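Quick caveat: nothing in here was measured; it's all calculated off a predicted structure. As a basis for the values below, the full set of heavy atoms in this structure was taken, side chains included, without hydrogen atoms, waters or symmetry mates.
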Amino acid sequence: MEWLVLLLFALLAIAIVLYNRLVYDRERVRQAWSDVLVQLKRRHDLLPKLVDAVRTYADFESSVVAEATRLRSRQDAPEAAAERARLESGVSGALGSLFAVAEAYPELRASEQWLHLQQNISEIENHIQSARRYYNGAVKELNVRIDAFPSNLVAIAFRFQPAQFFNLES
């Protein structure tokens, strides 16, 4: 009878440890996603400055400005990683359009303000890449723990859901 009590106690202790690991992984994913959103917001905040800098040197298509403004206004909309990735791909395209327009204006490319903005956007892109890599690593650990035995039994019992990876299109 004592061995049965010890076995039940051991199983309960294992279940508690596995549950706590799942909770830790889930919170790490949430924190990592928050970090990604902070970096994306920094990039969105630079869009108007980039548009203004280009606008002062070039009278370019209003569609580029309209698209950048539209995408910036939607920055807080999607919370799901897949939806956010689609939006951010559009932002990357708008940034590419802005930089392409700027290439045609040597005086803009030589401006101190433009160089500073380019440096900031490059730095932010590196931070986004780093935050995204950390987030995807946290998602992988959570998803593996949700799928692997015996933690999957605890995950099913407490309805843990796998997280989505955040993959930006090139």
Practice item. Determine whether L37 and R84 make a side-chain contact, defined as any pair of heavy atoms from C-beta on separated by less than 4.5 Å. Key: yes
Review point. Would V38 and L87 show up in the same hydrophobic cluster when neighbours are defined by side-chain heavy atoms closer than 4.5 Å?
Key: no
Check your understanding: Can H44 and E88 be counted as having a side-chain donor-acceptor contact under 3.5 angstrom?
Key -> yes
Review point. For Y134 and A32, which heavy atoms make the closest approach, and how far apart are they?
Key: CD2-CB, 3.5 Å
Practice item. Determine the minimum heavy-atom distance between A80 and Q164, stating which atoms define it. Key: CB-OE1, 3.8 Å
Exercise for review: In plain terms, say whether K41 and D45 are close enough for a salt bridge, that is, a side-chain N and a carboxylate O under 4.0 Å apart.
Suggested key: yes
Practice item. With rounding to the nearest 0.5 Å, note down the distance linking CG in L7 to CG in L12. Key: 11.0 Å
Point to revise | Trace of the salt bridge (Lys or Arg N to Asp or Glu O under 4.0 Å) decision for R86 with E83 | key: CA-CA 5 Å; R86 280 191 294 278; E83 295 170 33; 5.2 Å; no
Point to revise | Side chain to side chain, L153 and F149, heavy atoms closer than 4.5 Å | key: yes
Review point. Do we see a donor-acceptor contact under 3.5 Å between the side chains of R43 and S92?
Key: yes
Study note, to complete from the structure: Note: Q39 and A131 closest approach over all heavy atoms is CG-CB, 4.2 Å
Practice item. State, to 0.1 Å, how close N152 and I146 come at their nearest heavy-atom pair, and which atoms those are. Key: CB-O, 3.0 Å
Review point. Would you say R21 has more than 12 foreign heavy atoms packed within less than 6.0 Å of its CZ?
Key: no
Review point. Measuring from D147:CG to L142:CG, what's the distance to the nearest 0.5 Å?
Key: 9.0 Å
Check your understanding: For L18 and P150, which heavy atoms make the closest approach, and how far apart are they?
Key -> CD1-CG, 3.8 Å
Point to revise | Test item: W114 and L50 side chains (from C-beta on) under 4.5 Å apart, heavy atoms | key: yes
**Study point:** Any donor-acceptor pair under 3.5 Å from S130 side chain to N126 backbone
**Key:** no
Practice item. State yes or no: do V23 and F158 share one hydrophobic cluster built from I, L, V, M, F, W and Y residues joined by side-chain heavy-atom distances below 4.5 Å, directly or via other members? Key: yes
Review point. Between N143 (side chain) and A163 (backbone), is there a donor-acceptor pair under 3.5 Å?
Key: yes
Exercise for review: Tell me whether Y19 is reachable from I14 by hopping between hydrophobic residues (I, L, V, M, F, W, Y) whose side-chain heavy atoms are closer than 4.5 Å.
Suggested key: yes
**Study point:** Closest approach of F166 to N136 (non-hydrogen atoms, all atoms of both residues)
**Key:** N-OD1, 2.8 Å
Practice item. Run the numbers on L22 and V154 for side chain to side chain contact (heavy atoms under 4.5 Å, CB included), then give the verdict. Key: CA-CA 9 Å; L22 284 163; V154 176; 3.9 Å; yes
Review point. Please walk me through it: do R145 and F160 pass side chain to side chain contact (heavy atoms under 4.5 Å, CB included)?
Key: CA-CA 10 Å; R145 201 172 310 275; F160 281 84; over 6 Å; no
**Study point:** Sub-4.5 Å side-chain heavy-atom contact between L95 and L47
**Key:** yes
Check your understanding: Can K49 and Q113 be said to form a side chain to side chain contact (heavy atoms under 4.5 Å, CB included), step by step?
Key -> CA-CA 9 Å; K49 294 176 185 174; Q113 177 191 13; 5.5 Å; no
Review point. Any luck finding a side-chain donor-acceptor pair between Q31 and D35 under 3.5 Å?
Key: yes
Review point. If you measure only the distance, is there a donor-acceptor pair under 3.5 Å linking the side chains of Q129 and R132?
Key: no
Exercise for review: Determine whether N120 and H116 make a side-chain contact, defined as any pair of heavy atoms from C-beta on separated by less than 4.5 Å.
Suggested key: yes
